[in-house]
Amino acid sequence: MFKYDDLLAEVERFCSAGVETGTIGESELRQSIPYIFVGSKNGNYAIVQGAMHAREHLTALLVVCLAKYLVKNPQLKLDGGIYFIPMTNPDGVRLCQEGVGFIEDKERKSNLLAINGSADFSLWKANIDGVDLNVNFDAKWGEGDQNEFFKSSQNYVGKEPFSAAESRALAEFTERVNPCVTLSYHLKGEEVYWEFGQTSHRRARDKRYAESIGRYTGYAVREIHGSVGGYKDWCVEKLHIPAFTIEVGADKYSHPFPYSQLGEIVRQNEDLPRRLLNTVVKDKSDVDSLQLSDDVFE
């Protein structure tokens with residue numbers, strides 16, 4: 001099981017090896033949310049983030065593995081830089097893995113136990129305040145089919161968009177970085193989501209990228225309706241950039257998802273961030289980009 005302390009140790013190893021590291025901000029419990037940067041500072045950036053949902057902590061280790069792959073293979077062409085954010089929801093991950101024992105505030109402990117209905121938080125998705133971060137972004141906020149309007153282990157939209165410290169930190173960091181593409185890792189189902197109301201050339205562009213992601217990973221490309229307020233949705237609607245949610249891991253496994261499947265998931269995604277960024281950067285400078293072949297990856 002990959003824990004928050006394990007992440008901090010990994011970040012320190014990257015730093016010791018000369019790789020840029022930093023933080024995008026802090027969680028509700030004032031824990032840092034680290035990033036790892038690989039590549040060059042030339043204005044062309046991707047953001048790759050994981051563990052927005054607490055029980056999907058395997059994706060944090062996945063994102064670390066993806067960063068390591070690029071660090072270990074400096075000969076690979078990378079037309080920009082990638083900010084890897086392995087654990088967007090560190091408080092939630094700790095709650096999921098450790099229960100309420102690490103929380104000092106007795107009232108918060110009591111409230112969480114009441115919300116969850118038991119001391120077993122292994123299926124918890126939300127942050128430490130019962131806000132589902134992936135419905136807390138300002139993109140048709142509160143209009144989703146499964147949205148809830150009370151604190152819960154999942155689907156609670158929060159008091160308002162960006163009411164959660166973690167979603168606010170990610171959004172503010174994204175605006176500072178100004179990426180040309182984002183990639184969000186979730187569990188499970190082996191599917192790629194890309195659509196959020198794009199029209200015209202943006203729709204054609206993003207669908208084409210999604211189909212290439214599907215071919216590279218072997219995952220199904222889906223349009224999903226009735227799901228709003230996510231990071232991917234906000235990036236598409238507000239920033240007008242291609243953004244993708246990838247649900248890794250076979251659907252036949254139940255949560256808590258087995259770490260025994262990590263090797264296969266890494267294999268399916270290992271070089272995806274680099275290939276995706278390179279393709280988006282190439283298209284930015286190619287006036288005939290929409291005439292490229294269907295499989296746009298190298």
Side-chain angles (χ1 to χ4, degrees), residues 44-50 52-53 56 59 62-63 66 69 78-80 82-85 88 134-135 137 139-140 144-145 170 174 178-251 264-286 288-298:
N44 296 316
Y45 305 123
I47 289 177
V48 179
Q49 69 88 26
M52 181 173 285
H53 285 147
E56 299 167 15
T59 62
L62 168 63
V63 172
L66 299 181
Y69 173 77
L78 180 58
D79 294 329
I82 303 176
Y83 288 91
F84 294 93
I85 306 169
T88 301
N134 211 38
V135 292
F137 287 80
K140 295 183 172 57
D145 290 347
L170 181 57
T174 301
N178 191 27
C180 52
V181 64
T182 68
L183 193 57
S184 298
Y185 279 106
H186 288 258
L187 274 170
K188 56 190 177 67
E190 297 187 327
E191 294 182 330
V192 180
Y193 300 121
W194 62 276
E195 192 274 340
F196 199 72
Q198 304 98 309
T199 59
S200 188
H201 74 281
R202 288 178 54 221
R203 184 176 183 86
R205 175 198 68 186
D206 296 359
K207 184 178 181 182
R208 185 165 58 89
Y209 293 153
E211 288 172 346
S212 288
I213 292 170
R215 279 188 288 271
Y216 180 79
T217 58
Y219 300 164
V221 177
R222 305 287 192 208
E223 291 186 37
I224 184 170
H225 302 284
S227 176
V228 301
Y231 178 58
K232 177 266 292 179
D233 307 332
W234 176 75
C235 288
V236 169
E237 184 175 84
K238 305 299 184 183
L239 306 184
H240 296 169
I241 61 173
F244 306 93
T245 294
I246 300 186
E247 298 278 356
V248 301
D251 209 27
E264 175 65 7
I265 293 171
V266 170
R267 184 193 66 77
Q268 293 166 333
N269 291 272
E270 196 165 49
D271 200 27
L272 176 59
R274 182 187 72 89
R275 290 170 182 251
L276 179 60
L277 177 59
N278 285 356
T279 298
V280 172
V281 171
K282 180 179 185 299
D283 280 9
K284 283 172 62 181
S285 60
D286 188 347
D288 297 320
S289 63
L290 292 181
Q291 268 116 85
L292 292 174
S293 62
D294 287 339
D295 198 353
V296 297
F297 287 171
E298 298 173 1

Short side-chain donor-acceptor distance under 3.5 Å, Tyr219 and Glu247:
no
Taking only Lys NZ, Arg NE, NH1 and NH2, and the carboxylate oxygens of Asp or Glu, determine whether Asp79 and Lys284 approach each other closer than 4.0 Å.
no
Write down the atom of Cys235, the atom of Thr182, and the distance for their closest heavy-atom approach.
SG-OG1, 3.6 Å
Close side-chain approach of Ser227 and Tyr193, heavy atoms under 4.5 Å:
no
Within this structure, what is the CD1-CG distance for the pair Ile213 and Leu276, rounded to the nearest 0.5 Å?
5.0 Å
If the plane angle is over 60° it's perpendicular, under 30° parallel, otherwise tilted; pick one for Phe137 and Trp234.
tilted
Distance-minimising heavy-atom pair for Phe244 and Asp206
CE2-O, 3.6 Å
Is any side-chain heavy atom of Tyr185 closer than 4.5 Å to one of Leu272?
yes
So how far is it from Gln49 CD to Leu183 CG, rounded to the nearest 0.5 Å?
9.0 Å
Interatomic distance, Gln198 atom CD to Ile241 atom CD1 [nearest 0.5 angstrom]
11.0 Å
Could you tell me whether a side-chain N or O of Lys188 sits under 3.5 Å from a main-chain N or O of Asp251, the two making a donor and an acceptor?
yes
Looking at side-chain heavy atoms only, is the closest gap between Asn134 and His186 below 4.5 Å?
yes
Give me the atom names and distance for the closest heavy-atom approach of Val248 to Thr59.
CG2-CG2, 4.2 Å
Find out whether Asn278 and Leu78 are in side-chain contact, i.e. whether some heavy atom of one side chain is under 4.5 Å from a heavy atom of the other.
yes
The reported gap from CD1 in Ile224 to NZ in Lys232 (rounded to nearest 0.5 angstrom) is 7.5 Å
Does any part of the side chain of Thr217, heavy atoms only, come nearer than 4.5 Å to the side chain of Asn269, both counted from C-beta?
yes
d(Arg202 CZ, Phe196 CZ) to nearest 0.5 Å is 11.0 Å
Is the closest side-chain heavy-atom distance between Tyr83 and Tyr45 below 4.5 Å?
yes
Non-hydrogen side-chain atoms of Val266 and Tyr69 separated by less than 4.5 Å:
no
Flag the pair Glu195 / Lys207 as yes when at least one side-chain heavy-atom distance between them is below 4.5 Å, and no otherwise.
no
Taking every heavy atom of Gly214 against every heavy atom of Val221, the minimum-distance pair comes out as CA-CG2, 4.0 Å
Residues Tyr231 and Thr174: side-chain donor-acceptor under 3.5 angstrom
yes
For the residue pair Val228 and Ala139, what are the closest heavy atoms and their distance?
CB-O, 3.6 Å
Taking only Lys NZ, Arg NE, NH1 and NH2, and the carboxylate oxygens of Asp or Glu, determine whether Arg208 and Glu211 approach each other closer than 4.0 Å.
no
Heavy-atom pair of closest approach, residues Pro242 and Cys180:
CD-O, 3.3 Å
Quick one, Trp194 with Glu223, criterion side chain to side chain contact (heavy atoms under 4.5 Å, CB included). Give me CA distance, side-chain angles, the key distance, then yes/no.
CA-CA 7 Å; Trp194 62 276; Glu223 291 186 37; 3.6 Å; yes
